Amino acid sequence: MRLHLDARDREIFRIAVPAFAALVSEPLMLAADTAIIGHLGTDPLAGLAIASTVLQTFVGLCVFLAYGTTASVGRHIGAGDLRGAMASGMSGLWLAVLIGALAALIAGAGASVIVGAFGPSDVVADQAVTYLVWAAPGIPAMLVVLAATGVLRGMQDLKTPLYTVIVANVANVVLNVVLVYGLDMGIRGAAIGTTVAQLGSGLFLAYVVVRAVRAQHAPVRPQRSGIHEAARAGVALVVRTLTLRAALLIATAVAATMGSAALAAHQVAVTVVSILAFALDAIAIAGQTLTGRSLGAGDVAGTRSTTRRMIGWGVASGVVAAVLLLASVPWLPRLFTSDQDVQHLLVGALVVIALTQPVSGVVFVLDGVLIGAGDGTYLAWAGVITLVAYAPLAVAVWMLGAGLTWLWLAYAGFMVARMVTLVLRERTDRWMVVGAL
C-alpha cells in the first residue's frame, strides 16, 4: 500500500527533514569535544562535564531567540510585510549579541565561582574553569546562531543553517585534534577550537541575515523598540523552558536518593529521551514556521488544517519511536553500561519512555504550533500548572521508595498533563490571532 502525501505533507517535510538533520548535528560539536577530551583522562572529562552543563544552561534558556524570531518573521512574511520581517529578525540578532555578551562576561569572569558551586575536586575544578574561560567568548556566537537560524526558518530557508552546522562541526573536529594533540594544549585547545568554530558559524549566519535585511531596506542598526519587543516576547518562552528543565531537575534529584545505580540508569534514560526529542522537535519546527506564516496571512482555516495534519504526523512519529525503542530494550542498556544493576533498572524506565512517545509527539507538535502563533503567555502558564501537577507525583515516588520505573511513570504523567493543556488550547480559537502582530 502506497503512502499518499498531499501538498501539506510535502510542505511539512520540506521543513522538518533539514530541521531534523540540523538538530541532530548540533550535539555533535559537544560529542566531539567529549570524545577528544575523554582520551586526555578522567579529570579533564569530568571538568568538561561541569563546564558543558553551564554552557548548555546558558544556551538552553535562550532558545527563545530561535523560537521567537521564527514566529515573528513568519508572521510578517505571511502578512506580506518583508521589510517588517527583516527588521524583526535583525532585532532578534541584536538581542542575541547583547545577551551573549553579558553571558560571556558572567561565564568568563565568574568561572571559578560557578564551577565551585558544583563542589568538584581541585584538579577537576581547574579543568572545568579552564574550559569555561576559553569557551565563554563563543557564547555570543552560539546565541547569534540561534537567532539567525530562527530568522532563516521564518523565511523557510532550512538548508543554510544545516550546511553551516555541518561545516562548523567538521571545523570543530579538525581544530580540536590539531590544538589538543598536535599542539598539546589539552582541554584549553578543545575550548578554543570549539569557540573558533562557533564564531565562524555565527559570523556567517549573521552575514546571511544582514544581507537579507539590506535587500529589503530594513534597518541594520539596533532599534531600541524592536529589541525591547523581542525581549518582552521571549520572557514567556523562558518561563516555559524553565518549567521543563525544573521537571527534569526534580526527577534527577529524586533519582539521586535511590542510589548510584538508579542515578546512572536515570542519566541514560534522560539521554535516550533527549535523542528521541530531536526527531519530534523537527515537526515542531515545521509547526512554528507554517503557523506563523499562515496566521500572518490571515488563513485561519489553513492553519487549523495544517495543525491537524501535523498532529497526525506527530503521533505517527511517536509510534515509530516507541516501536524502535521497545525493540531495542533487550540490548540498548548494554550499549551504555556493563553494570547489570544499571541495566536491570533501565529496562522498566525505557519501556515507560517508549510507551510515552506518541503522547510526546502530540506535545512537541502543539508546542511548536502555539509558539509559532505567538501564544507564549499561555505556554508559560501551562508549564507552571503542569510542573505543579508533576512535583507531588515525583515527591510521592521519593517518599514511598517506589523506584526508578515509577519515577518515569510520574514523568509520563507530566507529559500527559502537558498534552491535555495543549490540546485544550488548540481546540479553541483564542490562539489564532491573525496578522503581523
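Along the sequence shown, the residues carry numbers beginning at 1. Here the structure is a predicted model, which means the values were calculated and not measured.
Atoms CE and CD1, from Met310 and Ile283 in turn, are 9.0 Å apart once rounded to the nearest 0.5 Å. Between atom OG1 of residue Thr377 and atom CG of residue Asp375 there is a gap of 7.5 Å, rounded to the nearest 0.5 Å. Taking CG of Asp126 as the reference point, atom OG1 of Thr130 lies at 4.5 Å (rounded to 0.5 Å). Considering CE of Met258 and CG of Leu407, their distance stands at 4.5 Å, rounded to 0.5 Å. Annotation: the span from Phe58 atom CZ to Met142 atom CE amounts to 9.5 Å, rounded to 0.5 Å. Between the CD1 atom in Ile187 and the CD1 atom in Ile192 there is a gap of 11.5 Å [rounded to 0.5 Å].
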TODO: Please lay out, stage by stage, how Val433 and Arg75 fare under the test side chain to side chain contact (heavy atoms under 4.5 Å, CB included).
DONE: CA-CA 10 Å; Val433 180; Arg75 273 187 172 274; 4.3 Å; yes
Task: Stepwise side chain to side chain contact (heavy atoms under 4.5 Å, CB included) check, Val208 with Arg211 - done: CA-CA 5 Å; Val208 173; Arg211 185 178 59 185; 4.2 Å; yes
Task: Pair Thr421-Trp381, side chain to side chain contact (heavy atoms under 4.5 Å, CB included): steps then yes or no - done: CA-CA 10 Å; Thr421 61; Trp381 281 110; over 6 Å; no
TODO: Please report the C-alpha distance between Thr405 and Val352 in whole Å, then the side-chain angles of each, then the deciding distance to 0.1 Å, and finally whether the side chain to side chain contact (heavy atoms under 4.5 Å, CB included) criterion is met.
DONE: CA-CA 7 Å; Thr405 299; Val352 173; 3.9 Å; yes
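The only member of Leu65, Leu93, Leu95, Val97 that meets side-chain contact (heavy atoms from CB on, under 4.5 Å) when paired with Leu143 is Leu65. Checked against Asn176 for a side-chain contact (heavy atoms from CB on, under 4.5 Å), the options Asn172, Val173, Val178, Val174 give a single hit: Asn172.
Leu276 places a side-chain heavy atom less than 4.5 Å from the side chain of Ile353. Proximity of Leu325 to Leu332: side-chain heavy atoms (C-beta onward) are separated by under 4.5 Å at one or more points. Annotation: side chain of Phe64 is not in contact with side chain of Val235 (no heavy-atom distance under 4.5 Å). In this structure the side chain of Ile250 never reaches within 4.5 angstrom of the side chain of Trp398, judged on heavy atoms. You'll find the side chain of Thr386 stays beyond 4.5 Å of the side chain of Thr243, heavy atoms only. Looking at heavy atoms from C-beta onward, Leu393 lies out of side-chain contact with Val397 at the 4.5 angstrom threshold. Taking 4.5 Å as the limit, every side-chain heavy atom of Arg425 sits out of range of all side-chain heavy atoms of Leu366. Proximity of Trp408 to Val270: side-chain heavy atoms (C-beta onward) are separated by under 4.5 Å at one or more points.
Remark: Glu229 engages Arg232 in a salt bridge (charged side-chain N to carboxylate O under 4.0 Å, His left out) (not counting sequence neighbours). Arg240 meets the side-chain hydrogen bond (donor to acceptor under 3.5 Å, both in side chains) test with Asp367; sequence neighbours excluded. With sequence neighbours left out, the side-chain hydrogen bond (donor to acceptor under 3.5 Å, both in side chains) criterion links Ser88 to Ser72. Under the ring pair (Phe, Tyr, Trp, His ring centres under 6.0 Å) criterion, Phe414 pairs with Tyr390, Tyr411, sequence neighbours left out. Contacts of Asp157 classified as side-chain hydrogen bond (donor to acceptor under 3.5 Å, both in side chains), with partners at least two apart in sequence or in another chain: Thr160. For Thr195, the side-chain hydrogen bond (donor to acceptor under 3.5 Å, both in side chains) test picks out no residue, with sequence neighbours left out.
Leu205 and Ala148 make their closest contact through CB-CB, 3.7 Å (heavy atoms, listed as atom of the first residue, atom of the second, distance). The heavy-atom pair separating Gly89 from Val151 by the smallest distance is CA-CG2, 3.5 Å. Gly318 and Gln357 get closest at one heavy-atom pair: O-CB, 3.2 Å. Across every non-hydrogen atom of Thr356 and Ala412, the tightest pair is OG1-CB, 3.5 Å. Ile139 and Ala107 make their closest contact through CD1-CB, 3.8 Å (heavy atoms, listed as atom of the first residue, atom of the second, distance). A pairwise comparison of heavy atoms in Ala85 and Ile77 identifies CB-CG1, 3.7 Å as the closest pair.
The backbone N or O of Gln288 sits nowhere less than 3.5 Å from a side-chain atom of Thr291 that would complete a donor-acceptor pair. In this structure a side-chain-to-backbone donor-acceptor pair under 3.5 Å is present from Trp431 to Glu426.
Annotation for Arg214: atom CZ does not count as buried by contact number, only 12 or fewer foreign heavy atoms lying within 6.0 Å. Other residues, nucleotides and ligands contribute at most 12 non-hydrogen atoms within 6.0 Å of the CH2 atom of Trp134.
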